[in-house]
Each structure stands twice: as C-alpha cells, then as structure tokens.
Amino acid sequence: MNLEKMLAAQAELDKYIVEKKGLQGVDLVPNTFLALQVELAEFANEGRWFKHWSDDQEPRTKVPVTAWGEPYKNPLLEEYVDCVHFFLSIANQKGWQDALYIYEEAVEDVRESGFDGGLTGIFLEMTYFINKSYFENPSEEKNEKWKEKFGFPQNQYWFRIAWILFLNIGINGFGFSLDRIEEAYWAKHKVNYQRQESGY
Ligand SMILES: O=c1ccn([C@H]2C[C@H](O)[C@@H](COP(=O)(O)O)O2)c(=O)[nH]1
C-alpha cells in the first residue's frame, strides 16, 4: 500500500471539495470524524457478522449489479475504502500522517493471537480509540512523555491504534490484502471526483 501517494491524493481531493463547496477556513475535523463513524457503521452493516437475530450473517462481498448476474460489486470492500478515505483525511487535517505507517507485523500479530472478543470486540475497541483520539485533551507535558515512550503524542497514538485495529478487521477479519484495499481506494477516489464534477 503506497500510503504516501494515497495521503497526497486524499489531501488533493479534500482540497478540491473545500474549494468546490466554498469551505475555505472552516474546521472540518468534527464532520470528518462523524463521517468516519458513519462509514464504519455502514461497513459493519455490510459485514453482517454481529446480526445475531438474523439467519443471514454472511458479509455482502459479491452482489450482482444486473438482474442477470455479472458484473458483481463488493459492498463490504466499498464501505471499507470509504472508511480509508476518512482515516486519511483526518490524518491529513490533524497532521497525524506518521501514525498510519504500520509495520506489517503489527497486523500479523493479531492474526496469530486471534481476535479477542471476536470481530465485534475489535470493532468496538476501534471506535473507542477513535473517540479517545477526538476527545482527549492531554497537556503538553503529557504529550512529551508519550512521544518519548510511544513515539507519538497521545491522541495521535490512539488514532494509530484505531488504524491498526481497522486494518486487522479488513485483512484478518475479511481477507482483504493491502493491494486489494489500495486498488479499491483508487477506484472510489476516482468516483469521488466524478461526483463533485457532476454536482453531488
Ligand atoms: O472531504 C471529503 C468528503 C467526502 N469524501 C469521500 C469519502 C467517501 O468515499 C465518500 C463518502 O461519501 P457518501 O457516499 O457517504 O456521500 O466521500 C472525501 O474523500 N473527502
């Protein structure tokens, strides 16, 4: 996954949207956190694993686009990369880009130890850390200590943990590869431009 390229392209798309909608100078961080949470919920809704009340708990990964079948779309992956857009957007807006660079072992680790509390547990944990990264207000002194100890100021570190959990859900929970995620990201990125151009 070429994160550097994706972060730069996300910044460009976001800037295009800001200009198109006349939002220069507006703090869009709160809306972007909410947008991420909405997309995460849509992703879970397509994942279906938590619907203990339903006989159909299979993720929506292959849905025909036409009445006769082919081509197929993958709603689960589409929602997942919508989330990727907003993770990148937040990282850019907050200057937290470094938090997204992860050693592959960090994703591997969970594969070996399994999901504690299942997918639901890891999903809830991810949203908990996203909220922490939004709401906590640590002192300068505390941030310095965190930087020394964990390499990042506190809220950026919480965001990093959320991102690692998110990657784990996609990769270990649903078998996406980093390449597949990137490919789907670029496809949606293109659609997002087209939408703005056609007056979304
Ligand atoms: O500032 C923004 C606003 C939206 N999107 C993209 C991310 C998602 O792919 C898509 C979500 O739009 P809806 O389909 O939920 O309207 O828009 C951005 O990348 N940056």
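Hydrogens, waters and symmetry mates play no part in the numbers below; they use all other heavy atoms, side chains included. For ligands, and for the atoms within them, numbers begin at 1 and follow the listed sequence.
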A student comparing Y16, F86, Y185, Y200 should find that the heavy atom closest to atom 4 (C) of ligand 1 comes from F86

Please report, to 0.1 Å, the donor-acceptor pairs under 3.5 Å made by any side chain of residues 119-128, with sequence neighbours excluded.
{"from": "T120", "atom 1": "OG1", "to": "W49", "atom 2": "NE1", "distance (Å)": "2.9"}
{"from": "T127", "atom 1": "OG1", "to": "L124", "atom 2": "O", "distance (Å)": "2.9"}

Taking 4.0 angstrom as the limit, do K51 and D55 come out as a salt bridge?
no

Please identify which atoms of ligand 1 are closer than 4.0 Å to at least one heavy atom of E39.
11 (C), 15 (O)

Counting heavy atoms under 4.0 Å, the part of L13 that contacts ligand 1 is side chain

Stepwise, does the ring-ring contact (aromatic ring centres under 6.0 Å, His included) test hold for F174 with F43?
CA-CA 11 Å; F174 291 100; F43 166 76; 5.7 Å; yes

If you scan protein heavy atoms around atom 20 (N) of ligand 1, the nearest is D14 OD1, 2.8 Å

When you look at W146 and W158, which way does the ring-ring contact (aromatic ring centres under 6.0 Å, His included) test go after all the steps?
CA-CA 11 Å; W146 275 70; W158 296 142; 5.0 Å; yes

Proximal atoms of ligand 1 relative to I17 (non-hydrogen, under 4.0 Å)
1 (O), 2 (C), 3 (C), 20 (N)

Nearest protein heavy-atom contact for atom 8 (C) of ligand 1: which residue, which atom, what distance?
D82 OD1, 3.3 Å

Just wondering, more than 12 heavy atoms not from E70 lying within 6.0 Å of its CD?
no

Residue, atom name and distance, where the atom is the protein heavy atom closest to atom 6 (C) of ligand 1:
N192 ND2, 3.5 Å

Interfacing atoms of ligand 1 (cut-off 4.0 Å, heavy-atom, K188):
9 (O)

So if I count the atoms of ligand 1 from 1 in the order they appear, which ones are less than 4.0 Å from some heavy atom of Q10?
18 (C), 19 (O), 20 (N)

Treat each ILVMFWY residue as a node, draw an edge where side-chain heavy atoms are under 4.5 Å apart, and state whether F135 and V29 are in one component.
yes

Exactly one candidate in Y134, F87, F152 meets ring pair (Phe, Tyr, Trp, His ring centres under 6.0 Å) with F159; the answer is F87

Atoms in ligand 1 with a heavy atom of R195 nearer than 4.0 Å:
12 (O), 13 (P), 14 (O), 16 (O)

Is K21 atom NZ crowded by more than 12 heavy atoms from other residues, nucleotides or ligands, each under 6.0 Å away?
yes

Could an N or O of ligand 1 be found under 3.5 Å from any N or O of S89, whether backbone or side chain?
no

